[in-house]
Trainee: 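Sharing a structure here in structure tokens format.
In what follows, chains carry the letters A, B, and so on, assigned in the order in which the sequence lines appear, proteins first and then strands, with residues in each chain numbered from 1. Just so we're clear, the structure is a prediction, and the values are computed from it rather than from any experiment.
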Number of protein chains: 2
Amino acid sequence: MPDVKHFDPDAVLEQVEHLFWRRGAATTGIAEVVAATGLSRSSLYATYGGKQELYAKALRRYVERRSEPMFRALAADGRGLPAVAAFFDALIEARCTGEYAGWGCMAANAHAEPAGPQVRDLLGRHHGMLRAALRAALETAGDQLRPGLDLDATAESLTLLAYGVNVRSRAGADAAALRRGVTAALDALRPTAL
Amino acid sequence: MPDVKHFDPDAVLEQVEHLFWRRGAATTGIAEVVAATGLSRSSLYATYGGKQELYAKALRRYVERRSEPMFRALAADGRGLPAVAAFFDALIEARCTGEYAGWGCMAANAHAEPAGPQVRDLLGRHHGMLRAALRAALETAGDQLRPGLDLDATAESLTLLAYGVNVRSRAGADAAALRRGVTAALDALRPTAL
DNA sequence: CCTTTCCTGGAATGGTCATTCCAAGGTAGC
DNA sequence: GCTACCTTGGAATGACCATTCCAGGAAAGG
């Protein structure tokens, strides 16, 4: 009983993820998925279900395998503000140079198109985990931060900043400009130098 | 020679703008545009061109008639930080309550889909004008700001923040949370109270 | 080595897409 | 009131969409 697949489902899903990430869900046809993966239509449908499910699975892979590892590293990094700065540096680097430049963040992109409950859950989870990671990083910042700062609200503002970076990077925003904006936001959190 | 149209082209374009704004370009069919406007296909094509041109015209209307008036008001308001706070309050109010709640910003949404040169120009213009307006407002803030602040970089960071608000509001983000995030970002710009 | 079982590939299908075309209708000038 | 012209509405068109189906094939158990 060869109930083993003749291909690696996760490797294929990664190619699908790349396709939906770059092109979006609505404008990407199954024919393109077939061409990109080399699989046949029937194998795709049998393995992953229809297009909506396929997109949801690809987005899930993106969130779990790409976003959340970065969020976990940020939350575990105990350095405080330098950790936050490193996170944003890595984000801008990933968004503006290399293989995925100009693709933006797949989760941020997904906000623009009509989404089913699965996708909506993933977007809420993405936002919640980023916010929690930033909050955790800020908690370790101690006196790197100006006194009296509301950590919850600050984490929320940095989360929104990250979404802004993601969106604008898709329009080919200048990496240096993004870095300046992020640096300004982080510098404002520091105590006033005397 | 009745070269007058039997309808108001701008009123129709506003309905089209609403449709594309809410539903996105790729997922909206011409049939829906016909149903929403009451016009016939031939009138639409004769007046506005094909779907791409129609979308570009609708986005142009959005930028010129909705975004830029707010940007101009922000740039002309001489109050400094309160002007910026009022701008963000109005933004969140518009994004989370009333007729357009959950629609996000049409220009921010447009980042997610493949765009022709016209659309790309409009997105650059949108970002540039918002950034310039924030910069102008910050210039009038005087000692409401902590000393030594880089106004260019701060304007960029607030621009990114606004895009973040726009994106997240499309996923039904809580208005109060957005307000807290914005407030934290603005508070960080103020001089430290002693 | 043969049978059984499930996966695979390509063709087939009904629906929807953007776009075009043509006859009908209404208005301005004469 | 008549003619000429432009706009309109609805039907027609060809391409592409997501999805399904069926025959062929490869691998494991006996």
Side-chain angles (χ1 to χ4, degrees), chain A residues 1-60 109-110 112-119, chain B residues 1-60 109-110 112-119:
Chain A
M1 294 172 182
D3 50 310
V4 266
K5 300 219 177 287
H6 296 179
F7 59 91
D8 179 355
D10 184 68
V12 167
L13 192 57
E14 182 176 15
Q15 297 183 284
V16 177
E17 171 201 333
H18 287 177
L19 198 54
F20 280 135
W21 181 5
R22 178 164 51 91
R23 303 264 335 265
T27 55
T28 304
I30 292 291
E32 293 175 79
V33 177
V34 168
T37 59
L39 261 63
S40 68
R41 288 168 145 76
S42 35
S43 303
L44 276 172
Y45 277 87
T47 310
Y48 307 99
K51 188 185 174 182
Q52 285 191 352
E53 287 178 73
L54 181 57
Y55 176 74
K57 284 183 166 70
L59 179 60
R60 183 190 194 87
N109 300 346
E113 8 199 2
Q118 295 181 85
V119 168
Chain B
M1 297 170 180
D3 51 307
V4 266
K5 299 218 177 286
H6 295 178
F7 59 90
D8 178 356
D10 183 68
V12 167
L13 191 58
E14 183 177 13
Q15 297 183 284
V16 177
E17 171 201 332
H18 287 175
L19 198 56
F20 280 134
W21 181 4
R22 178 164 52 92
R23 304 263 336 264
T27 54
T28 303
I30 292 291
E32 294 174 79
V33 178
V34 168
T37 60
L39 260 62
S40 70
R41 288 168 143 77
S42 33
S43 303
L44 276 172
Y45 277 86
T47 309
Y48 307 100
K51 188 185 174 183
Q52 284 192 354
E53 287 178 74
L54 181 58
Y55 177 73
K57 284 182 166 68
L59 179 60
R60 183 191 193 85
N109 300 345
E113 6 199 2
Q118 296 180 82
V119 168

Trainee: Separation of B/Leu44 atom CG from D/dT7 atom P, in whole Å?
Mentor: 14 Å
Trainee: What pair of heavy atoms forms the shortest contact from A/Gln15 to A/Ala36, and how long is it?
Mentor: NE2-O, 3.3 Å
Trainee: CG of B/Leu59 to CD of B/Gln118: how many Å apart, nearest 0.5 Å?
Mentor: 10.0 Å
Trainee: If you compare all heavy atoms of A/Glu113 against all heavy atoms of A/Tyr55, which two are closest, and at what distance to 0.1 Å?
Mentor: OE2-OH, 4.3 Å
Trainee: Can you say whether a donor on the side chain of B/Ser40 sits under 3.5 Å from an acceptor on the base of D/dG10, or the other way round?
Mentor: no
Trainee: Would you mind reading off the bend of the helix from C/dC1-D/dG30 to C/dC30-D/dG1 from its two end axes, five pairs each, to 10 degrees?
Mentor: 10°
Trainee: Distances for protein N/O vs nucleotides 17-19 of chain D N/O pairs under 3.5 angstrom?
Mentor:
from	atom 1	to	atom 2	distance (Å)
D/dA18	OP1	A/Thr28	O	3.4
D/dA18	OP1	A/Ile30	N	3.4
D/dA18	OP1	A/Lys51	NZ	3.0
D/dA18	OP2	A/Ile30	N	2.7
D/dT19	OP2	A/Tyr45	OH	2.9
D/dT19	OP2	A/Lys51	N	2.8
D/dT19	O5'	A/Tyr45	OH	3.4
D/dT19	O4	A/Arg41	NE	2.8

Trainee: At what distance, to the nearest 0.5 angstrom, does CZ of B/Arg22 lie from OG1 of B/Thr27?
Mentor: 10.0 Å
Trainee: Protein-nucleotides 13-15 of chain C N/O pairs closer than 3.5 Å?
Mentor:
none

Trainee: To the nearest Å, how far apart are B/Leu39 CG and C/dT19 P?
Mentor: 16 Å
Trainee: List the residues meeting side-chain contact (heavy atoms from CB on, under 4.5 Å) with B/Tyr45, not counting sequence neighbours, and say none if there are none.
Mentor: B/Ile30
Trainee: Could you pull out all residues at least two apart from A/Ser40 that satisfy side chain to side chain donor-acceptor pair (under 3.5 Å)?
Mentor: A/Ser42, A/Ser43
Trainee: Answer yes or no: side-chain N or O of A/Ser43 and base N or O of C/dG9 forming a donor-acceptor pair under 3.5 Å.
Mentor: no
Trainee: With A/Glu14, which residues qualify under side chain to side chain donor-acceptor pair (under 3.5 Å), at least two apart?
Mentor: A/Arg66
Trainee: Working to the nearest 0.5 angstrom, can you tell me the gap between A/Lys51 NZ and A/Leu44 CG?
Mentor: 12.5 Å
Trainee: Taking side-chain contact (heavy atoms from CB on, under 4.5 Å) as the definition, give me every residue that meets it alongside A/Ala58, ordered by chain and number, with sequence neighbours left out.
Mentor: A/Leu13, A/Val16, A/Glu17, A/Phe20, A/Met106
Trainee: Who pairs with B/Ala115 by side-chain contact (heavy atoms from CB on, under 4.5 Å), at least two apart in sequence or on another chain?
Mentor: B/Val119
